[in-house]
Asks: 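I am attaching a structure below and will ask some questions about it afterwards.
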Amino acid sequence: MSIHRVVLSACAGLAALAAATTMSSAALAAKYQLNINTALTTDDPIYKGLERLRDRMKERSNGEFEIRIFSGSQLGKDEDVLEQARAGANVAVVVDGGRLAVFVPEFGVLGGPFLASGYDGVRKVVTSPLFDAWAEKLRKASGHEVLSFNWWQGERHLLTNKPVSKPADLSGVRMRTPGAPVWIETIRAMGATPTPMAWAEVYPALQQQAIDAVEAQTPAAYGARLYEVTKHMTKTGHINLITGLVTSAGWFDSLPADMQTALKEEALAAGDFASRTTEEAIGTYEKDMAAKGVTITEIDVTPFREATADVYSKLGYADLKKTIDEMLK
């Protein structure tokens, strides 16, 4: 080997060593790490809130706390990540109450039809002593820790390929919805045939006509480009989608007290940030969807409200709904 090649080889080796040393130093600097999973895309307001949480925790911990965010469910389905958290893994997931209802039934009421009005209404519920009691029950029942549950993704509307103005218009329509009982019963009560399906499968299912419609909040519908495979968005606002950041109680308990406090405070602040960003973005998303050919219609939702009124009783939430109604007065 020539002297020139030896020198180049040595330089490359030194460069690799320097890079490895830098990476090793960075790893050592972060004593604590949390991996957060979300089904949403990187341009969704919720993702922006997660980035804020990541940056604030890094700043507040002087680089000792690192958060890594995985969009598009890279770590697996929500249920799979919840199981990882139960096992004590340093993972968290942005999840709705329906998926937690298998552990603590009360969480399911959060996905009930016409529960509250907008973010301000539903935030009162998820920051109340009533909700705190559910979170404590969850910790004992499944080993999950709620960091905050104020991540509002918007009101869910109907995306179809035909106009809709009343429940009868949904007769025979196969509509994708999450698999939680409260979602399924709500969509059935609204007149459609509920079809549980993973969010990632919705676009091709609409494209291939395996389903006829979907119900979703505007930011998610826009991010998934559903304006390419649906023609109408009917603004029913039937479910006020509030989600939470949920992690492992065992892992959380292993953190120093100051880190626990910081993580919960910053998760609440980031949830507010993400939710207000969602409020601001919805109008822009709707204008863009309309420009791309989607007919967006405001309707009188009274027929849908009346059609879904019995869902709470059917699922055993009648008394809890009355308690929440009193809270929101």
Asks: Quick one: are Lys321 and Leu115 in side-chain contact, heavy atoms under 4.5 Å?
Replies: yes

Asks: Using side-chain heavy atoms (C-beta onward) and a distance below 4.5 Å, is Leu158 in contact with Leu170?
Replies: yes

Asks: Would the distance check show the side chain of His157 and the main-chain N or O of Gly237 forming a donor-acceptor pair, the cut-off being under 3.5 Å?
Replies: yes

Asks: Taking NZ in Lys264 as the centre, count heavy atoms belonging to other residues, nucleotides or ligands within less than 6.0 Å. Is the count above 12?
Replies: yes

Asks: Enumerate the residue pairs fulfilling side-chain hydrogen bond (donor to acceptor under 3.5 Å, both in side chains) with a member in residues 192-211, sequence neighbours excluded, ordered by first and then second residue.
Replies: Tyr203-Glu228

Asks: Return the minimal non-hydrogen interatomic distance between Ile184 and Pro178, and the atom names on each side.
Replies: CG1-O, 3.8 Å

Asks: CD/Gln153 to CD1/Ile239 distance, rounded to the nearest 0.5 angstrom?
Replies: 12.5 Å

Asks: With side chains defined as the heavy atoms from C-beta onward, is the minimum distance between Ile242 and Val125 less than 4.5 Å?
Replies: no

Asks: Please collect all ring pair (Phe, Tyr, Trp, His ring centres under 6.0 Å) contacts where either partner lies in residues 299-329, sequence neighbours excluded, each pair once.
Replies: none

Asks: List the steps, then state whether side chain to side chain contact (heavy atoms under 4.5 Å, CB included) holds for Arg60 with Glu265.
Replies: CA-CA 11 Å; Arg60 192 160 168 175; Glu265 288 178 352; 2.5 Å; yes

Asks: Going by the angle between their ring planes, with limits at 30° and 60°, are Phe131 and Phe149 parallel, tilted or perpendicular?
Replies: tilted

Asks: Just wondering, are more than 12 heavy atoms of other shown residues or ligands nearer than 6.0 Å to NZ in Lys58?
Replies: no

Asks: Pairs in or reaching into residues 186-196: which pass salt bridge (charged side-chain N to carboxylate O under 4.0 Å, His left out), with residues at least two apart or in two chains?
Replies: Glu185-Arg188

Asks: Looking only at non-hydrogen atoms, find the nearest pair between Thr278 and Pro45 and report the distance.
Replies: OG1-CB, 3.2 Å

Asks: Among all residues two or more places apart in sequence or in another chain, which pass the salt bridge (Lys or Arg N to Asp or Glu O under 4.0 Å) test with Glu298?
Replies: Lys235

Asks: Do Val182 and Val109 have side-chain heavy atoms sitting under 4.5 Å apart?
Replies: no

Asks: Please identify each residue that fulfils side-chain contact (heavy atoms from CB on, under 4.5 Å) with Thr127, with sequence neighbours left out.
Replies: Arg123, Leu268

Asks: When you compare the side chain of Leu53 with that of Phe273, does any pair of heavy atoms fall below 4.5 Å?
Replies: no

Asks: Measure the spacing between CG of Leu226 and NZ of Lys292 and express it to the nearest 0.5 Å.
Replies: 13.0 Å

Asks: Applying salt bridge (Lys or Arg N to Asp or Glu O under 4.0 Å), can you list everything that pairs with Asp120, at least two apart in sequence or on another chain?
Replies: Arg276

Asks: Test: ring pair (Phe, Tyr, Trp, His ring centres under 6.0 Å). Region: residues 207-248. Which pairs qualify, not counting sequence neighbours?
Replies: Tyr222-Tyr227, Tyr222-Tyr285

Asks: Atom CG of Asn37 and atom CG of Asn35: how far apart are they, to the nearest 0.5 Å?
Replies: 9.5 Å

Asks: Please list, chain by chain and in numerical order, all residues satisfying salt bridge (Lys or Arg N to Asp or Glu O under 4.0 Å) with Lys140, sequence neighbours excluded.
Replies: none

Asks: What donor-acceptor contacts under 3.5 angstrom involve side-chain atoms of residues 87-107, with partners at least two apart or in another chain?
Replies:
| unit_1 | atom_1 | unit_2 | atom_2 | d |
| --- | --- | --- | --- | --- |
| Asn90 | ND2 | Gln33 | O | 2.9 |
| Asp96 | OD1 | Gly98 | N | 2.8 |
| Asp96 | OD1 | Arg99 | N | 3.4 |
| Asp96 | OD2 | Arg99 | NH1 | 2.3 |
| Arg99 | NE | Glu79 | OE2 | 3.1 |
| Glu106 | OE2 | Lys137 | NZ | 2.7 |

Asks: Keeping His144 on the side-chain end and Leu82 on the backbone end, is there a donor-acceptor pair under 3.5 Å?
Replies: yes

Asks: Applying the side chain to side chain contact (heavy atoms under 4.5 Å, CB included) test to Trp152, which of Leu241, Asn240, Thr277, Asp272 qualifies?
Replies: Asn240

Asks: What are the two closest non-hydrogen atoms of Arg176 and Ala198, and how far apart are they?
Replies: NH2-C, 3.9 Å

Asks: Salt bridge check: are Asp325 and Lys322 linked by an N-O gap of less than 4.0 Å?
Replies: no

Asks: Say whether Leu245 and Val122 are linked into one hydrophobic cluster, either directly or through other cluster members, by side-chain heavy-atom distances under 4.5 angstrom.
Replies: no

Asks: Which residues pass the salt bridge (Lys or Arg N to Asp or Glu O under 4.0 Å) test with Arg139, sequence neighbours left out?
Replies: Glu145, Asp253

Asks: Can you tell me how far the CG atom of Leu50 sits from the CG atom of Asp55, to the nearest 0.5 Å?
Replies: 11.0 Å

Asks: With heavy-atom distances below 4.5 Å as the criterion, would you say the side chains of Tyr47 and Ser71 are in contact?
Replies: yes

Asks: Which heavy-atom pair separates Thr186 from Pro113 by the least distance, and what is that distance?
Replies: OG1-CD, 3.4 Å

Asks: Apply the test side chain to side chain contact (heavy atoms under 4.5 Å, CB included) to residues Val202 and Val229: give CA-CA distance (whole Å), side-chain angles for both, the deciding distance (0.1 Å), then the verdict.
Replies: CA-CA 10 Å; Val202 170; Val229 286; over 6 Å; no

Asks: Any donor-acceptor pair under 3.5 Å linking the side chain of Ser313 with the backbone of Ala318?
Replies: no

Asks: Indicate yes or no: at least one non-hydrogen side-chain atom of Lys166 is less than 4.5 angstrom from one of Asp169.
Replies: yes

Asks: Do Ile67 and Leu255 share a hydrophobic cluster (ILVMFWY, side-chain heavy atoms under 4.5 Å, transitive)?
Replies: yes

Asks: Check the hydrophobic clustering (I, L, V, M, F, W, Y; side-chain heavy atoms under 4.5 Å; chains of links allowed) and say if Met175 and Trp183 are grouped together.
Replies: no

Asks: If you look at every heavy atom in Ala192 and Pro194, which pair is closest and at what distance?
Replies: O-CD, 3.3 Å

Asks: Are any of the side-chain heavy atoms of Met289 and Thr218 separated by less than 4.5 Å?
Replies: yes

Asks: Say you draw a straight line from NZ of Lys124 to OG of Ser117; how long is it, rounded to the nearest 0.5 Å?
Replies: 10.0 Å

Asks: Any salt bridge (charged side-chain N to carboxylate O under 4.0 Å, His left out) pairs touching residues 209-224, not counting sequence neighbours?
Replies: Arg156-Glu215, Arg174-Asp212

Asks: Can you list everything that forms a side chain to side chain donor-acceptor pair (under 3.5 Å) with Thr41? Sequence neighbours excluded, please.
Replies: Asp43

Asks: Would you compute the distance between atom OG1 of Thr38 and atom CD1 of Ile69 and round it to the nearest 0.5 angstrom?
Replies: 9.5 Å

